[in-house]
Number of protein chains: 2
Amino acid sequence: MESVSEDVAALRSFNRYFTRRIGALDERYLGQDRPLGEARLLFEIAGSRSGVPLRDLRTRLGLDAGYLSRMVKALEAQGMVRLGTHPDDSRMRTVEVTDAGRAEVAEQNRRADALVSGLLRGLAPDQRRSLSDAVATARRLLRLAALTVVPVDARTPDARACLDAYAADLDARFPEGFDPADLVGPEEVSGDAGVFLVAYEEGRPVGCGALRRTEPGVGEVKHVWVHADARRLGLARRLLAALEAEAVDRGLTVVRLDTHPALTEARAMYERAGYTEIPAYSDHVYAGHWFEKRLPRG
Amino acid sequence: MESVSEDVAALRSFNRYFTRRIGALDERYLGQDRPLGEARLLFEIAGSRSGVPLRDLRTRLGLDAGYLSRMVKALEAQGMVRLGTHPDDSRMRTVEVTDAGRAEVAEQNRRADALVSGLLRGLAPDQRRSLSDAVATARRLLRLAALTVVPVDARTPDARACLDAYAADLDARFPEGFDPADLVGPEEVSGDAGVFLVAYEEGRPVGCGALRRTEPGVGEVKHVWVHADARRLGLARRLLAALEAEAVDRGLTVVRLDTHPALTEARAMYERAGYTEIPAYSDHVYAGHWFEKRLPRG
DNA sequence: GAGTTTCTTTGACCCAAGTCAAGCAATAAC
DNA sequence: GTTATTGCTTGACTTGGGTCAAAGAAACTC
């Protein structure tokens, strides 16, 4: 476990360096024309679809209602945003950026770009490339680390949202389409029968996976899905590992799964995760390949 | 130049993600028991040698004198630090952390470690390793990018400090020692005769290099040195490139240099930078290898 | 030894950032 | 139709983080 504390030290030391040297840049350029809070708010409004309810901004930025109200009013007075009333619920107010506001955001972005590109000028092209790669890797792994995978009831809205998106994805990818009736029922993946896992990123569901018991000692992995925004992080691998851990907890010794011939990356992923292809164990309509993995005893 | 703007975007997007998700952690744990400014100051004091002059803290943290004075007094009242008078100059006050202060800093560090290690628990060991490597690379390149290399007069304190450290390093590495009388005189590296470059990191001189004209069209690179804290960043390569650019500006077509047999890494660096070994062009007492590089015309 | 500079302290301010509670209007629940 | 509840606004207030200028004491310069 020595290595963990080394990794912790590496990340903390990077954090100190980065926030002090680079992160500070942001505050400097953002804060020059208006209060930082106001600038951040303007960015958030400009980055949202037009007509965001104040309520959404409040939860997203974690602001006090009174504080937000005042800041929005200040931005309105400066001509940066326009306020309106929500069409469905006239208690709610909506806000959208004006052209002037958009111009200011663009200007700030230009300044930030200039600052960063000034920094990068000190590097040779190959070094710039390495830096980009390194930060991309760091970001990918930090995102993956910050994801949480938790069991939820398959009837909850988050679970339904994942399954719907999963079904839509498959429908687009399978030449023959996909019938949502093929999805497992909530009762098959709850209690003793199985489990349904949802992966969350900053509160948003971005992936799922199900495990259901098929016969004594044998489980089946179903519906491993990852949102397009969260792909290439290694989330599928993590969901799979979490499902296997659940299987071990339930005393299962084997997990199986099937997959459609169109999903070649999925097949490669299962093989990397220790699954071996086996003969058909079912006549599942969308299956073209069947896999199995023996689990260690819990 | 398309790639530069891609790199800018990559770094900015990383910055946004990192400061929001990870950097925010810091403020949360640091700011819980005392004002953030005070916490930062306490950390800075605890991290310095005991008896730091307030003056040093002021420049290091960029604080107003009055503001600092008050914060230090508050920390003293809480028993976190002890104030004293500077032994050599009784205008200056010094400050050192008490046991209670040290304990608080240790506790905060424990919390931060726990936070980060909780984050890393979501990653497999090989992924943790990759993350550490990626942040180490990113940090190295960001440091390099943030360095500035500027011509300074060789008589200035910064230049003298570099040359003294250079001489001390060589004295330790050469079996026969090193005589500081061998250093170039300030007049040899100023004006038309040559140039003296100093590399700064956050205002601190951390490297140097000199160029002097030896015969028409020919320059000699001397005293390329990098502070121990700034090694392995690629600074020597950058200093060399800057000296070559100066040589080109002066219309020189060839630069030469000699190096001591003990400095094997330096030799490898010169070769990577495009220098080829040539027969002795001088009878310089510390020289064992001679190199030359032809320059493009300015 | 006088005048200047350096370092710190102190008092007086300022603004950003945020909290809290009262109140109003619209909607939802019963 | 009454009674919550929700969403927003407003006023009053607090704290943090800082700036500025005056002034005292010590040290340096001439």
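So that the names make sense, note that chain A is the first sequence line, chain B the second, and so on, each numbered from 1. Computed from a prediction, not measured in an experiment: that's the story for all the values here.
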Check whether any side-chain heavy atom of A/Glu76 sits under 4.5 Å from a side-chain heavy atom of A/Val95, and report yes or no.
-> no
Atom-pair distance (CZ on A/Arg40; P on C/dA16), nearest Å | 14 Å
Looking at D/dA26, C/dG18, C/dT8, which one has an atom nearest to any side-chain atom of B/Asp89?
-> D/dA26
So do B/Glu38 and B/Met80 actually touch side chain to side chain, heavy atoms under 4.5 Å?
-> no
Has B/Arg34 got a side-chain N or O lying under 4.0 Å from the OP1 or OP2 atom of D/dG16?
-> no
Report the distance from atom CG of A/Leu63 to atom P of C/dA16, rounded to the nearest whole Å.
-> 16 Å
Between C1' of C/dA17 and CG of A/Leu68, the distance in whole Å | 13 Å
Distance below 4.0 Å between B/Arg93 side-chain N/O and C/dT9 OP1 or OP2 | yes
Would A/Ser48 and A/Arg60 count as having a side-chain donor-acceptor pair, cut-off 3.5 Å?
-> yes
For D/dA27, does OP1 or OP2 lie under 4.0 Å from any side-chain N or O of B/Ser90?
-> yes
Checking D/dG7, C/dT10, C/dA17 against the side chain of A/Arg55 (C-beta onward), the nearest is D/dG7
Rounded off to whole Å, could you give me the CG-to-C1' distance for the B/Asp64 and C/dC13 pair?
-> 12 Å
Closest nucleotide among D/dT9, D/dG11, C/dC20 to the A/Arg70 side chain | D/dG11
Does A/Lys73 place a side-chain N or O at less than 4.0 Å from the phosphate oxygens OP1/OP2 of D/dT10?
-> yes
Specify the separation, in whole Å, of atom CG of B/Asp88 and atom C1' of C/dC7.
-> 15 Å
Look at all strands and tell whether A/Gly66 reaches a base, only sugar-phosphate, or nothing, counting heavy atoms closer than 4.0 Å.
-> base
Is any NZ, NE, NH1 or NH2 atom of the basic residue among A/Arg110 and A/Asp113 found under 4.0 Å from an Asp or Glu carboxylate oxygen of the other?
-> no
Whole-Å distance between C/dA17 P and A/Tyr67 OH?
-> 5 Å
Rounded to whole Å, the CD-C1' distance (B/Glu76 to C/dT9) equals 13 Å
Candidate nucleotides D/dA26, D/dT9, D/dT19, ranked by approach to the side chain of B/Arg91 - the nearest | D/dA26
Any idea how B/His223 and B/Tyr166 line up, ring-wise: parallel (<30°), tilted (30 to 60°), or perpendicular (>60°)?
-> tilted
Take the protein atom CG of A/Leu83 and the nucleotide atom C1' of D/dG7, then report the distance between them rounded to whole Å.
-> 14 Å
